Peer 1: 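Mind looking over this structure? Questions follow.
Just so you know, residue 1 is the first one in the sequence shown, and it goes up from there. These figures come from a predicted structure and were not determined experimentally.
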Amino acid sequence: MRPDNEPEVRRRVHRTDWMALLSGLLFIVTGILFITLPDIEPLVMLPVVLGGLGLAGLAAILARAVRR
């Protein structure tokens, strides 16, 4: 129970930045793949990374549209 003279504490809630979250996860997974499988060609991974960034952007746009 809160005493009467203590001010009410307001919580600030931040919305999730889905683009940043998914992009960070994509680069972490890409780095892990390059370390564990050194025979992967960078030219093969380039479309995978670009496609992943595109999907992360699409998820961010959809999340913003649903949030409104």
Side-chain angles (χ1 to χ4, degrees):
M1 188 169 210
R2 195 182 74 202
D4 291 332
N5 60 354
E6 189 175 313
E8 183 177 331
V9 178
R10 291 184 55 175
R11 288 184 58 213
R12 293 185 184 187
V13 178
H14 297 279
R15 293 184 176 169
T16 304
D17 185 359
W18 289 103
M19 179 71 182
L21 178 67
L22 294 174
S23 297
L25 288 174
L26 176 69
F27 282 110
I28 288 171
V29 169
T30 304
I32 290 171
L33 283 175
F34 274 125
I35 290 171
T36 58
L37 302 172
D39 57 340
I40 293 179
E41 292 289 327
L43 289 177
V44 173
M45 289 301 291
L46 182 65
V48 172
V49 170
L50 291 177
L53 288 174
L55 288 175
L58 181 64
I61 291 170
L62 291 176
R64 182 172 292 179
V66 169
R67 198 179 294 158
R68 290 185 182 172

Peer 1: Under the rule for side-chain contact (heavy atoms from CB on, under 4.5 Å), what residues qualify as partners of Arg15, not counting sequence neighbours?
Peer 2: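 If we apply the side-chain contact (heavy atoms from CB on, under 4.5 Å) test to Arg15, skipping adjacent residues, the hits are Arg67.
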
Peer 1: Could you give the side-chain donor-acceptor pairs of residues 19-46 under 3.5 Å, partners two or more places apart or in another chain?
Peer 2:
from  : atom 1 : to    : atom 2 : distance (Å)
Ser23 : OG     : Met19 : O      : 2.7
Thr30 : OG1    : Leu26 : O      : 2.7
Thr36 : OG1    : Ile32 : O      : 2.9

Peer 1: Looking at Trp18 and Ala60, what are the two nearest heavy atoms and their distance?
Peer 2: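 So the minimum-distance heavy-atom pair works out to CB-CA, 4.3 Å.
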
